[in-house]
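Below, chains carry the letters A, B, ... as their sequence lines are ordered, and counting in each starts from 1.
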Amino acid sequence: MKNKDLLKENNVVMWEEEKIASFQKTLLDWYDSSKRDLPWRQTSNPYYIWVSEIMLQQTQVDTVIPYYNRFITTLPTVQDLADADEDTLLKLWEGLGYYSRVRNMKSAAIQIVAEHNGVFPKDYKDIIKLKGIGPYTAGAVSSIAFNQPQPAVDGNVMRVLSRLFELKIDIGKASSRKVFEEMIRHLIDQERPGDFNQALMDLGATICTPKNYKPETSPIKEFNASYLNETWKQYPVKKTKKSSREEHYIVVAAKNSKGEYIFEKRGAKGVLSGMLTFIMINRDSLDEGNWKSFEGKVDELGQQHHKQLQALLKKEYGVTVKLNDEIKGKLTHVFSHLKWQLTVIEADIIDESMLMPQVQLIHPEQFEKTAFPVPTQKTWELLKTLTLF
DNA sequence: TATCCGTGGGC
DNA sequence: TGCCCAAGGAT
């Protein structure tokens with residue numbers, strides 16, 4: 001609505017038409033000669049572009065490539081995605097993180113089948129209505145797959161523009177994105193909007209990087225105010241995030257006589273929602289004197305904390321176990337805003353006749369078919385190691 | 001609006 | 001080592 005004011009309010013002096021045209025040519029010439037050869041650049045299929053964009057959210061290109069190839073091979077069409085079981089999808093996504101992305105993709109695929117006859121919608125206003133697609137992804141798909149002049153503002157674009165225009169707004173704030181989008185509406189090449197957007201992102205990923213930035217090596221250095229004014233070290237402006245919290249858990253790897261392990265399917269909310277972990281007991285739910293005994297070998301408190309853990313396992317999971325005398329080991333898993341400190345202990349299941357619904361027994365022979373988040377994988381790797389004395 | 005949501009890599 | 005970063009979205 002007041003987009004003109006948006007630039008004025010943030011002291012953005014947009015370039016003249018002639019300079020914009022020159023910038024477009026310089027940037028696209030560089031892109032044509034130096035763009036990265038990526039799998040999703042060998043197609044104009046909007047479904048494939050969409051898959052790549054979702055995977056690339058907060059995830060590096062090198063990580064995504066094998067996942068992308070496997071995903072589109074296994075599920076070549078929107079209909080295939082809409083029909084896929086969640087277990088299949090999670091196995092395809094295993095290790096990528098942010099698992100709600102793939103659940104949202106299935107919802108969106110069902111939307112596309114129901115509302116667009118299975119054909120990926122062409123217009124930004126329809127694309128952004130799809131689950132899991134926000135302003136960036138809607139702009140990326142509509143510009144790359146359908147050649148529509150929509151901005152696709154990600155972290156790269158904000159960094160590049162901050163430096164080009166000496167922009168002092170905090171790129172970490174959600175409200176900042178709209179300013180950059182309005183700038184792109186002026187700057188974007190109307191003939192090649194998809195290439196223009198991708199060129200800015202490629203530049204941000206390979207030359208205009210957060211660290212080890214050498215502005216004199218940039219193909220668009222002559223357009224870069226912060227380079228010409230030697231202020232480039234000040235950009236982009238980004239406030240530091242606050243540090244993450246830490247949680248301590250006792251991980252109980254309980255095995256029955258058939259060799260099956262108990263896993264918990266985590267609830268709908270919170271970290272790793274809907275994913276499988278070994279049984280985890282928050283250390284804070286045990287009396288202090290008891291959890292301290294887990295820091296090393298079992299001591300005099302052993303019998304007491306064993307009893308407390310066993311009572312919790314019976315009450316919360318419906319399983320009766322005999323705990324091993326010593327802990328198997330410790331491991332750490334770091335999330336974005338959270339750190340888990342895990343103390344792993346093995347156990348034998350004595351009675352599994354009253355299991356609660358959120359738990360399931362899985363034999364190791366089935367592990368390769370099952371999707372586990374990385375903390376569960378790390379725990380299993382620890383369990384497989386021999387304990388040496 | 002600020003926080004939550006995974007994981008791996010770089011320094 | 002601990003932090004920052006990576007083609008963000010939902011709430």
Pairing of [X] and [Y] as salt bridge, 4.0 angstrom limit:
| X | Y | result |
| --- | --- | --- |
| A/Arg41 | A/Asp202 | yes |
| A/Lys19 | A/Glu17 | no |
| A/Arg177 | A/Glu181 | yes |
| A/Lys91 | A/Glu94 | yes |

Verify the ring-centre separation between [Y] and [X]: is it less than 6.0 angstrom?
| X | Y | result |
| --- | --- | --- |
| A/Tyr47 | A/Phe120 | no |
| A/Trp93 | A/Tyr67 | no |
| A/Trp380 | A/Phe372 | no |
| A/His337 | A/Phe335 | no |

Span of DNA chain C in contact with chain A (heavy atoms, under 4.0 Å):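 So the outermost contacting nucleotides come out as C/dC4 to C/dA10.
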Nucleic acid contacts - residues 136-157 of chain A versus DNA chain B, non-hydrogen atoms under 4.0 Å: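 The answer is none.
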Within residues 35-54 of chain A, residues whose heavy atoms come under 4.0 Å of DNA chain B: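 Those residues: none at all.
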Side-chain touch A/Ser218/A/Asn224, heavy atoms, less than 4.5 angstrom: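 When only atoms from C-beta onward are counted, A/Asn224 and A/Ser218 do not touch, as no gap falls below 4.5 Å.
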A/Phe196: ring pair (Phe, Tyr, Trp, His ring centres under 6.0 Å) partners, not counting sequence neighbours: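 Partners of A/Phe196 by the ring pair (Phe, Tyr, Trp, His ring centres under 6.0 Å) criterion come out as none, since no residue qualifies.
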Nucleotide-resolved protein contact map, nucleotides 6-11 of chain B, B/S/- at heavy-atom distance under 4.0 Å: BBBSBS
Between [N] and [M], how far is it from one [atom1] atom to the other, in whole Å?
| N | M | atom1 | answer |
| --- | --- | --- | --- |
| C/dT11 | B/dT1 | C1' | 11 Å |
| B/dG6 | C/dT1 | P | 25 Å |
| B/dG10 | C/dA7 | P | 15 Å |

Summary of side-chain hydrogen bond (donor to acceptor under 3.5 Å, both in side chains) pairs that have at least one residue in residues 131-156 of chain A, sequence neighbours excluded: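 Listed by first then second residue: A/Glu53-A/Tyr136, A/Gln57-A/Thr137, A/Asp123-A/Gln148, A/Ser143-A/Asn197, A/Asp154-A/Asn156, A/Asn156-A/Arg159.
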Parallel, tilted or perpendicular, as decided by the 30° and 60° cut-offs, for the rings of A/Trp15 and A/Phe165: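 Ring orientation of A/Phe165 relative to A/Trp15: parallel.
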Mutual orientation of the aromatic rings belonging to A/Tyr48 and A/Tyr68 [parallel < 30°, tilted 30-60°, perpendicular > 60°]: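 Because their plane-to-plane angle is over 60°, the rings of A/Tyr48 and A/Tyr68 count as perpendicular.
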Residue mapping more 5' on DNA chain B - nearest nucleotide basis, A/His337 or A/Ser175: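 In this pair, the answer is A/Ser175.
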Position toward the 5' end of DNA chain C (nearest nucleotide), A/Lys131 or A/Val61: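 The residue mapped nearer the 5' terminus is A/Val61.
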